[in-house]
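Owing to the predicted nature of the structure, the values given are computational and were not obtained by experimental measurement.
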Amino acid sequence: MASSQAATTTDADTGSRRAVLTVVGVVFIDLLGFGIIIPILPFYVRAFGVSDLFIGLLAASYSLAQFVAAPVLGRISDERGRRPVLMLSVGVSGIAWLVFGVAAEVGDAAGTVAAVATLFAARTLAGAAGGNIAAAQAYIADVTPPDRRAGALGLVGAAFGLGFVFGPALGGLLASDTVVAAARGVLPAFVPATKFSLPSFGAAFLSFVAFGAAAVVLVEPDRQRGPARRTTLVAQFQAVLSDAAIRPLVVAFFLTSLAFAGVQVMFVPFVSDFFGYDATGAALFLTYIGVLGTINQGVLIGRLARRFGPRRVVLAGVASLFAALVVLALSPTLAAWLPSPGGPAWVTGGLLVLLLFGALASFGNGALTVGLATLVSTGASAETQGTAFGVTQGAGSLGRTVGPPLAAAAYVVAYWSPFAVGAVLLVPVAALLWVRK
C-alpha cells in the first residue's frame with residue numbers, strides 16, 4: 001500500500017515537473033520571438049521618416065495593450081482553462097508579428113500613415129497577446145505546491161531573461177546582410193526578405209512553434225474553476241483591490257515597474273552620454289544583466305525563498321534594487337573617485353561601477369518579480385489565481401506604460417533624476433511589504 005502511494009506521488013511529481021517545463025518553454029519561445037524585434041524596432045520606425053517619438057509610443061502601445069489584456073486573459077483562464085488561453089495568445093502573437101513584418105509593403109501600397117498604423121496595430125495586438133503571462137503564472141500555481149512555487153515561478157522569470165538574452169542576438173542575425181541575401185535566394189518572390197521583415201517573420205515562426213508545443217504537450221491542470229461571469233476591467237481591479245492580502249501586492253507591482261522604467265528606457269543613452277558606450281557595448285552589458293537575471297530567477301531566488309520565505313526575499317530585492325538605482329544615479333561621480341584598476345584599457349572605474357549596478361539590479365529585479373508572484377499565488381484563492389495574476393501583471397504593465405515617457409522627460413532635466421526618483425518610489429513598496437503579514 002505504501003509503495004503504491006509512493007509510486008502515485010512520484011508520478012504526480014513527474015507530471016507536475018513536465019507541465020511546469022512545458023509552460024516555461026512556451027513562455028521562453030514567446031519571449032524569444034518578442035526579443036527578436038528589439039534590435040530592429042528603432043530603425044524600422046526611422047525607415048518611414050517619422051519622428052523618434054514614435055519609437056517610444058510603439059513601446060508604450062505594447063505595454064498599454066498588455067495592461068488591458070492581462071486581467072481579461074487571467075479571468076478567462078480561471079473560467080475556461082489555462083491551456084486554451086495560452087494557445088490562443090501565442091497564436092495571435094504569430095499573426096501580429098507577420099503583420100508587423102509587412103508594414104513596409106503596406107507603406108509602398110498605401111503610404112506612410114498606413115505603414116505606421118500597421119506597426120501600431122501589430123504591436124498592440126502583440127501586447128494584448130503578451131498578457132498571457134497571467135495565465136502562465138496561474139498554471140504554474142495550479143500544478144505546484146505552495147512550498148515549491150517560488151522556484152517554479154522563478155523558472156518563468158528565467159525564461160523571460162533567456163528570451164531577452166538570445167532574442168536580440170537572433171534578431172540581429174536575421175537582419176544581417178548575409179542572411180537577407182540568402183533568404184532572397186530561396187524565398188518565393190512574393191515573400192518580402194528585408195532586414196526588417198525577416199526578424200518579424202522569425203518571431204512569428206517561433207510563436208507558431210510555441211502554439212504547436214502547447215497543443216501537443218500541454219494538459220489542462222486539474223483544479224476547481226471559478227464561475228463564468230461578465231465583468232469589466234475596472235470591476236476586476238476593484239474586486240482584487242478589495243482583498244487586503246492582494247491589494248499591497250498590486251500597488252507594489254505598479255510602483256516597482258514605474259521605478260524600473262527609468263533604467264529600461266534611459267540606460268542606453270545614459271551609458272553612451274557618460275561612459276562612451278556604443279550600441280554594441282550597451283548590448284553586451286544588457287546581456288550581462290540578462291545572464292545574471294536568468295541565474296538569479298532560475299536558481300538562486302527559489303532556494304532563498306524556500307529557506308527564508310518569499311516576503312523576506314522580496315524585501316531583500318527592494319533593498320538591492322534601491323541600492324542599484326542609487327549607484328547608477330551616482331555612477332559618474334563614483335567612477336571619477338575610483339582609482340584606475342589597471343590592466344586592459346577597457347577596464348575602467350566606470351565599468352566596475354556599472355558591473356556593481358548590474359549585479360544589484362539583476363538580483364533586486366529578479367527577487368521582486370519572483371517573490372511578488374509567489375505572494376500573489378499564496379494570497380489568492382484557487383478559483384481566482386488567474387484573475388489575481390492578471391490584475392497584478394496589468395498593474396505592472398501600467399507602470400511600464402506611463403514610466404518611460406516620464407523617465408525620458410526627467411532625464412532631460414537632470415540625468416540622475418529618473419534613477420533617483422525610481423529609488424524613492426521603492427520606499428513605499430518596502431513599507432507596504434513590511435506591514436503585510
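- Gly81 and Val85 get closest at one heavy-atom pair: O-CG2, 3.5 Å.
- Ile295 places a side-chain heavy atom less than 4.5 Å from the side chain of Val291.
- Two residues are said to be in side-chain contact when any heavy atoms from C-beta on lie closer than 4.5 Å; Leu425 and Thr256 fail this criterion.
- Under a 3.5 Å cut-off, the side chain of Ser257 and the backbone N or O of Gly399 do not form any donor-acceptor pair.
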For a side chain to side chain contact (heavy atoms under 4.5 Å, CB included) check, start with the C-alpha distance between Thr194 and Arg184, then their side-chain angles and the critical distance, and finish with the verdict. CA-CA 8 Å; Thr194 70; Arg184 287 173 176 168; 4.2 Å; yes
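- The two residues Ala423 and Leu325 have their closest heavy-atom pair at N-CD1, 3.5 Å.
- At distances below 3.5 Å, at least one donor-acceptor pair connects side-chain atoms of Ser417 with backbone N or O atoms of Ala410.
- Shown here are the side chain to side chain donor-acceptor pair (under 3.5 Å) partners of Ser207, two or more places apart in sequence or in another chain: there are none.
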How far apart are the C-alpha atoms of Leu426 and Leu255, what are their side-chain angles, what is the distance that settles it, and do they pass the side chain to side chain contact (heavy atoms under 4.5 Å, CB included) test? CA-CA 7 Å; Leu426 292 173; Leu255 290 178; over 6 Å; no
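- Here the straight-line distance linking atom CG of Leu433 with atom CZ of Arg311 works out to 7.5 Å at 0.5 Å rounding.
- Going from atom CG of Leu258 over to atom CG of Leu406 covers 7.0 Å, rounded to the nearest 0.5 Å.
- Between the side chains of Ser200 and Ser197, no donor-acceptor pair is found at a separation under 3.5 Å.
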Go through it in stages, so that I can follow the logic: the residues are Asp273 and Tyr411, the test is side chain to side chain contact (heavy atoms under 4.5 Å, CB included), and I'd like the CA-CA distance, side-chain angles, deciding distance and then a yes or no. CA-CA 11 Å; Asp273 293 343; Tyr411 185 83; 2.7 Å; yes
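- Among residues at least two apart or in separate chains, side chain to side chain donor-acceptor pair (under 3.5 Å) pairs with a member in residues 83-109 are Ser89-Asn132.
- Note on ring orientation: taking the six-membered ring where Trp is involved, the planes of Tyr44 and Phe100 are perpendicular (angle over 60°, cut-offs 30° and 60°).
- Within the model, atoms CZ of Arg312 and CG of Leu304 stand 12.0 Å from one another, a figure rounded to the nearest 0.5 Å.
- The backbone N or O of Gly317 sits nowhere less than 3.5 Å from a side-chain atom of Ser320 that would complete a donor-acceptor pair.
- Heavy-atom minimum distance, Tyr288 versus Ala359: OH-N, 3.8 Å.
- Two residues are said to be in side-chain contact when any heavy atoms from C-beta on lie closer than 4.5 Å; Phe363 and Leu300 meet this criterion.
- Side-chain contact between Trp416 and Leu330 is absent, with no heavy-atom pair separated by less than 4.5 Å.
- Between Leu321 and Leu360, the closest side-chain pair of non-hydrogen atoms is not below 4.5 Å.
- Using a 4.5 Å heavy-atom threshold, the side chains of Ile289 and Phe357 count as touching.
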Please report the C-alpha distance between Val427 and Phe322 in whole Å, then the side-chain angles of each, then the deciding distance to 0.1 Å, and finally whether the side chain to side chain contact (heavy atoms under 4.5 Å, CB included) criterion is met. CA-CA 8 Å; Val427 175; Phe322 178 91; 4.3 Å; yes
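- Nearest heavy atoms, Gly366 versus Ile301: C-CD1, 3.2 Å.
- Under the 3.5 Å distance criterion, the side-chain polar atoms of Asn296 are matched with a main-chain donor or acceptor of Leu292.
- Remark: side-chain polar atoms of Gln66 are paired, donor with acceptor, to backbone N or O of Gly130 under 3.5 angstrom.
- Ala430 approaches Leu315 most closely through the heavy-atom pair O-CD2, 3.8 Å.
- No side-chain donor-acceptor contact under 3.5 Å links Tyr139 to the backbone of Val23.
- Annotation: Phe205, atom CZ; neighbour count of heavy atoms from other residues, nucleotides and ligands within 6.0 Å does not exceed 12.
- Annotation: side chain of Val191 is in contact with side chain of Pro188 (closest heavy-atom distance under 4.5 Å).
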Donor-acceptor pairs are to be reported for all side-chain atoms of residues 115-127 against protein atoms at under 3.5 Å, with residues two or more places apart or in another chain.
residue : atom : partner : partner atom : Å
Thr118  : OG1  : Ala114  : O            : 2.8
Thr124  : OG1  : Phe120  : O            : 2.7

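- Inter-residue side-chain proximity for Leu432 and Arg247 is flagged as unmet; no heavy-atom pair is nearer than 4.5 Å.
- The heavy-atom pair separating Phe201 from Pro192 by the smallest distance is CE1-O, 3.3 Å.
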